[in-house]
There are 2 protein chains.
Amino acid sequence: MDKKISYVPLYEQVKKDILRRIIAGDWSPGSFLPNEFALAEQYGVSQGTLRKALNELTAEKYLVRYQGKGTAVAVVEDDTALFPFFFLSRRDNKHIPPVSQINGIARIKASSDIAGHLQINEGDEVIEIKRVRILDNECVINEIVYISLKVTGDIHFEDQQFPNTLYVYYQHKCGIRIHRAVEDIEAVLPTADDVKKLGIVKTQPVMKISRTSFDVQERIVEYRISKINTQNFVYRASLQ
Amino acid sequence: MDKKISYVPLYEQVKKDILRRIIAGDWSPGSFLPNEFALAEQYGVSQGTLRKALNELTAEKYLVRYQGKGTAVAVVEDDTALFPFFFLSRRDNKHIPPVSQINGIARIKASSDIAGHLQINEGDEVIEIKRVRILDNECVINEIVYISLKVTGDIHFEDQQFPNTLYVYYQHKCGIRIHRAVEDIEAVLPTADDVKKLGIVKTQPVMKISRTSFDVQERIVEYRISKINTQNFVYRASLQ
DNA sequence: AAGTGGTCTAGACCACCGA
DNA sequence: CGGTGGTCTAGACCACTTC
C-alpha cells in the first residue's frame, strides 16, 4: 500500500502529527514535551529527523525550545508578542504599552455584517467590547471587538478583573491560541463616537484597522475594528 | 588562540563568510554557487554543516535553492516580491499589479528633512521621482521617491525606458539589492497635489506611508512617501 | 546517466540548565 | 552531576533537473 505517487518526507509526517497533538491539547500551553530521544523512539525515526520537525514547529511559533531544559508548547504573552514587527510608535520613537479603558461589554446577536466577518450565522451570539486604549495619557485608539462565542465557548467577564490583553485571556480561559491575523488598513473620517472618544475635530482623518484573528485550527476567534488617531503616533511596520 | 569565551558554531562562521562574499559580489545576483560538497571542502566542514548555513541564508532571502540544479544568489523580481504579506487589495479581493505614470524626474539637492531620512548631508545630490500608480484604471497612489545617489552611484533615467519597479532597477543597474524596509503609516488630509492627482475631494482622508529602504549592507537606498486613496482599495497585512 | 539538492541515520561530543 | 537541546560528522540513499 505504499503511496509513492506523492512522496512525503518522514519529518513532515512527524511534524504534522505533533502539531495535531498540540492542537488537540495532548500537551497544554506551557507544558513540556518528552525529550528528543523519547519522541524519536515513539515515532520510530532518528533524533535528527525528529529534531527537524521540532525546529520547524518552533519557527512557526507552536513550540519554544530551551537548551538544557526541554521543549514546551508556546504561550502567548500579550497581543503584540505575536506581531513583533508591527506596533504603534510615537514620533519620537518611544514605545509605550497601551492601557485599556472599557466603555461597555454586551452580549448581542450578530448582525449580518458581523456574522459575515466571523463566518457565523446571523443572530448567533457574540460578545461586543467597546474600549479605548491610552498611550502616554492620551486616548489614541477607539476600538470595538466582536468575539465569536461559538469558538470560545461561554464567556463572562467580571468588570474588575477584565484582562488587558484579550489574546492572553483566550489562551488561559478558553484554551485558544491566536496564531495569525489579517489586517485591512485604510484612512477614513472619524464617526461622531470617534470624535468624542479620541478628542479630535471631525475633519481629522483617522486610521481604520479591521483585524480578523484566527486560532491554530483556522477558526475565526474575533473581529475588531480599531480607529487610531495618528496625529502623535504612527503605525510602524518592519518588512523583511 | 582559541576564543572559548564566546563560542560561535561552525555553521555561523561559514554563513557569515558566505554572506560576506554575496555582499562583496563574489557571486552576482542570479549566478550559481559551487555545489554543497565543493563549498564544504573549501570551508573544511561536513556537508551537513555547510547545508545548515545555506539553508539559513535561503530563509533570509539571500539565496534560492533548486533541487537538482543548484544554489543561486537571490534576484529581486519586483517591489512587492520582498513583502509578500503586504499589498494593496481591492475590496472585492482581486489583486491587480500597479502601473506607473511618471510626472517628473529631477536631480536636486537634499533638503535637511530629506537628508535626515536618507542619512546623508544636507545639499547632497538625490534623484526625486514623482509618479502616480494606477490600479484598475484608477489613480490610487500619489508617490514621491528620493534616491540616495551616494549609495546608488550616478543614475540617468531615460524617460522611454523608465523601470516600472525601482527595486529591480537598483539591482540590475547598481548591483544593489533592497533587503528590508520600515514603513510608518498614518491617516492625513490630502495636499492640493494629492487632490489633483488622485481625483478626490479635499476632505477625503488618505493613507500616508513613509517607507525607508535598506540594502544588504544596511545603507539607506531610498525614502519614499506614498499617499493612497483607500476608498476602493485597502492596504492588507497578513500577520503571523 | 550524471550532477544537484533533500532526506535520513547512528553516533559523538559540546553548551546549557537545574538540583 | 545528570539530563536537555545544539552542533558536527560520514555516509547512504532519494528526488529532481539536465543532458
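Treat the numbers as computed from the prediction; the structure is a model and nothing was measured.
Looking only at distances, no side-chain donor or acceptor of Asp136(A) sits under 3.5 Å from a matching main-chain atom of Glu138(A). In this structure a side-chain-to-backbone donor-acceptor pair under 3.5 Å is present from His179(A) to Glu60(A). One N or O on the side chain of Gln13(A) and one on the backbone of Val8(A) form a donor-acceptor pair closer than 3.5 Å.
Along DNA chain C, the nucleotide closest to Leu10(A) and the one closest to Thr71(B) are compared, and the more 5′ of them pairs with Thr71(B).
Salt-bridge annotation for Arg180(A) and Glu218(A): present, with a side-chain N of the basic residue lying under 4.0 Å from a carboxylate O of the acidic one. Comment: Arg65(A) engages Glu36(A) in a salt bridge, judged by a side-chain N to carboxylate O separation of less than 4.0 angstrom.
Atom CZ of Phe37(B) is separated from atom P of dG3(C) by 13 Å (rounded to the nearest Å). Between the CG atom of Leu33(B) and the P atom of dT4(C) there is a distance of 13 Å, given to the nearest Å. When rounded to the nearest whole Å, the span between CD of Gln13(B) and P of dG6(D) equals 19 Å. Residue Tyr7(B) contributes atom OH, which lies 17 Å from atom P of dG5(D) at whole-angstrom precision. dA10(C) atom P lies 15 Å from atom CD of Glu36(A), rounded to whole Å. Remark: P of dG6(C) and CG of Leu63(B) are 11 Å apart, rounded to the nearest angstrom.
In this structure, CD1 on Ile228(B) lies 3.5 Å from CD1 on Ile209(B), to the nearest 0.5 angstrom.
Judged as a ring pair (Phe, Tyr, Trp, His ring centres under 6.0 Å), not a single pair has a partner in residues 13-48 of chain B (not counting sequence neighbours).
Under the 4.5 Å side-chain criterion, counting only non-hydrogen atoms from C-beta, Ile127(A) is in contact with Ile105(A).
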List, with names and distances, any nitrogen or oxygen atoms from the protein found under 3.5 Å away from nitrogen or oxygen atoms belonging to nucleotides 17-19 of chain D.
unit_1: dT18(D); atom_1: OP1; unit_2: Lys69(B); atom_2: NZ; d: 3.4

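Within 6.0 Å of CD in Glu41(B) there are 12 or fewer heavy atoms belonging to other residues, nucleotides or ligands.
In the region residues 38-55 of chain B, proximity to DNA chain D at under 4.0 angstrom, judged on heavy atoms, holds for Val45(B), Ser46(B), Thr49(B), Lys52(B).
Using a 4.0 Å heavy-atom cutoff across all strands shown, Tyr11(A) reaches sugar-phosphate atoms only and no base atom.
Dashed line: the shortest gap from a side-chain N or O of Asn35(B) to OP1 or OP2 of dT4(C) is under 4.0 Å.
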